[in-house]
Structures are given as structure tokens and as C-alpha cells.
Amino acid sequence: MRVDVVTLFPEMVETLLRFGVTGRAAERGLLEVATWNPRDAANDRHRTVDDRPYGGGPGMVMKVQPLRDILQRARSAMEFAGKTLYLTPQGRPLTQDAVRQLAMEPRLILLAGRYEGIDERLIEAEVDEEWSIGDYVLSGGELAALVMIDAVIRLLPGALNDNESAEQDSFMEGLLDCPHYTRPEEIDGRRAPSVLLSGDHAAVARWRRREALGRTWRRRPELLARQKLTAHDQQLLAEFIQEYQDRKGDAGPAGDCPRQRGV
Ligand code: 9WO
């Protein structure tokens, strides 16, 4: 996959190619990233890319001309086109299903804004889709672009050492992940669940599935509501809920509480 990122801070994006899954994907030729700085296309000697907003108000707005021209250069650099995506708090929420769709694109051009935003006329003329990674405002779109690239690259065949871990990602199936443990067996008076040390792979898989279902029930009931649970999953969830209520004294899902200790 080829990803072109339009950004005032190319170095932020280029760190992607030095670490972890994305770094390895680049080494394996699965990912090619190019960065394009709008300042390089500014048509004045001060290389101006922003200006004061019409109508007044705080902050600055990114100008059309440098962005339009740098996007043209990016598009001309490759013989095949790709969707142009703008990362913005006003965009469509990014989900795992959307990431799956994006992973099928041979090329993506990501537009990372700064300041208070981009002149709307550039968005109207040049942007195919607007995407958000969450309901908060960052200092710019670069971190959102890095999040999107990371999530997409994980799904490319060969990007992960163990392809199964991409399949096992519970979130791939719409559930939260189960808890994870490693050595030592006990630390600070807390033991790893004995089933995980049993060597019984079927029991481990059952436990992990039940915990993923239970955690989703506790922390993100709205995700669970979207799932068509098999009879087996329903049985596992019922076991989890029963055990949880016995332990907590008939407490239901935490609803929007981000986290309850111990679950
Ligand atoms: C800056 C600003 C300054 C003064 C008053 C209001 C203001 N709003 C903004 C603003 O929204 N800046 C954004 C910075 C403009 C687009 C690029 N930036 C950005 C993208 N921040 N957060 C994102 C983002 C992208 C995707 N998902 C979540 C957040």
C-alpha cells in the first residue's frame, strides 16, 4: 500500500517507518509512505500556508493554493490515483469495519490539517472523505493519520508476524479483547488465572472468549448489542454475568463508566 501524507510536519509521520509493525511493513515492502509539505508549494517568498479567518475569530486557516498544488504534486507522483482523506474532528468516526475497507485501497492520500482548519473550498474541491478518530481536538491531523495508517497496515497480509493475531483481535469481531497475563505466575499478591497455566487449549480459548464477551458487556454494552451471539456465546456470557453478579452483588453493566477495577 502506498500512503501519501500532506503535512506541515513530515518528521512526525516519518517516525512511522522506524518502529514496530509499520516499520516492519515498510521493510517488507508492504507499505510505502511519502510526505508532502504544503510549504513547499506556497507561491510567496515567505512560504505562507495560512491566513487570518474571514469573519474574524481566533486561530488561522490553511490557505487553498499551497494545499491544492501540493496535492496535485502528490497525485502526479504516482501513476495510480487514490482517495484523498481529511483527518478532522468533524469527520466520520473511524471504526474497525471502516479500517477493513480502507485496507483494500492500493493507495491513500491523507491530509493532515493544522491551525484552526482548512479553507472549506479546498475540502469541497479536493477531499473524498473526512474521518475522525474520536471526539476531541488534537493540535493537528498528523496523529490521527498515524492512527489510521497503523490500524490499516495491521490488516495487510504479512504485516504481522503471526497472522492469527490479526484474526484473533477480538475487535475484529466487534468485541473488546480479553485480559492478558505473562510471567511471573504471582506478583504483588495477584495470581494469573489458573486456566491459562493449565495447558488445556480448549479451556483457555473458552476462558478468553468468555472474558471478551464479559468485558464487552461491562464496558461497551452498545457494542455487544450489535453482535449476533451464537448459542455458545450466549452461554458463556450468561456464565460471566452470573459469576460477576455473585461477586458484585447483582450489579449490571457499568454503562458508560470507562473502567471498573477487576473486570
Ligand atoms: C484549532 C483552533 C484554534 C482556536 C479555536 C478553535 C480551534 N479549532 C481548532 C481545530 O479544530 N484545529 C484542527 C486541528 C483543524 C484540523 C486539524 N486539526 C485536528 C485534527 N485536530 N484534531 C484533529 C482530529 C482528526 C481526526 N480525529 C480527531 C481529531
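Start at 1 and go down the list; that is how both ligands and their atoms are numbered. Computed from heavy atoms alone, side chains included, the values below leave out hydrogens, waters and symmetry copies.
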Quick one: which of [options] has a heavy atom closest to [atom]?
atom                    : options                        : result
atom 22 (N) of ligand 1 : Leu138, Ile118, Val147         : Leu138
atom 13 (C) of ligand 1 : Tyr115, Tyr136, Tyr86, Trp131  : Tyr115
atom 9 (C) of ligand 1  : Met148, Glu142, Glu116, Glu130 : Glu116

Identify the protein heavy atom lying closest to [atom], giving its residue, its atom name and the separation to 0.1 Å.
atom                    : result
atom 28 (C) of ligand 1 : Gly134 O, 3.5 Å
atom 5 (C) of ligand 1  : Pro58 CG, 3.8 Å
atom 19 (C) of ligand 1 : Gly140 C, 3.6 Å
atom 23 (C) of ligand 1 : Pro89 CD, 3.5 Å

Can you confirm whether the side chains of [X] and [Y] place a donor and an acceptor under 3.5 Å from each other?
X     : Y     : answer
Thr35 : Glu14 : yes
Asp69 : Gln65 : yes
Gln72 : Ser76 : yes

### Task
Hey, could you give me the CG/CD distance between Leu111 and Glu129, rounded to the nearest 0.5 Å?
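Between Leu111 CG and Glu129 CD, I get 13.0 Å after rounding to 0.5 Å.
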#### Entry: Closest approach of Leu17 to Ala26 (non-hydrogen atoms, all atoms of both residues)
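Scanning both residues completely, I find the closest heavy atoms to be CD2-CB, 3.9 Å.
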### Task
Can you see which heavy atom on Arg114 is nearest to which on Met62, and at what distance?
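That closest heavy-atom pairing would be N-SD, 3.3 Å.
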Numbering as shown, the atoms of ligand 1 that approach [X] to under 4.0 Å (heavy-atom distance):
X      : value
Gly117 : 15 (C)
Ile133 : 26 (C), 27 (N), 28 (C)
Ala144 : 25 (C), 26 (C)
Val137 : 10 (C), 11 (O), 21 (N), 22 (N)
Leu87  : 20 (C), 25 (C), 26 (C)
Gly141 : 17 (C), 18 (N), 19 (C), 20 (C)

### Task
Inspect the surroundings of CZ in Arg92 and state if more than 12 heavy atoms from other residues, nucleotides or ligands are less than 6.0 Å away.
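Check fails, neighbour count at 12 or below.
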### Message
I need the contact type for Ser132 against ligand 1. Using non-hydrogen atoms and a strict under-4.0 Å cut-off, is it side chain, backbone, both or neither?
### Response
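It is both parts that get close, each with some atom under 4.0 Å.
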### Message
Once you restrict to heavy atoms under 4.0 Å, what part of Thr88 touches ligand 1? Side chain, backbone, both or neither.
### Response
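Within the 4.0 Å criterion, Thr88 contacts ligand 1 through backbone atoms alone.
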### Task
Could you tell me whether ligand 1 has any atom less than 4.0 Å away from a heavy atom of Gly91?
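Contact absent.
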### Query
Salt bridge or not for Asp50 and Lys63, using N-O below 4.0 Å?
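Salt bridge: no.
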#### Entry: Arg75/Glu126 salt bridge by N-O under 4.0 Å criterion
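Here Glu126 pairs with Arg75 in a salt bridge, since their nearest N and O are under 4.0 Å apart.
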### Query
Taking side chain as C-beta onward, heavy atoms only, is Leu236 less than 4.5 Å from His232?
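Answer yes - side chains close enough.
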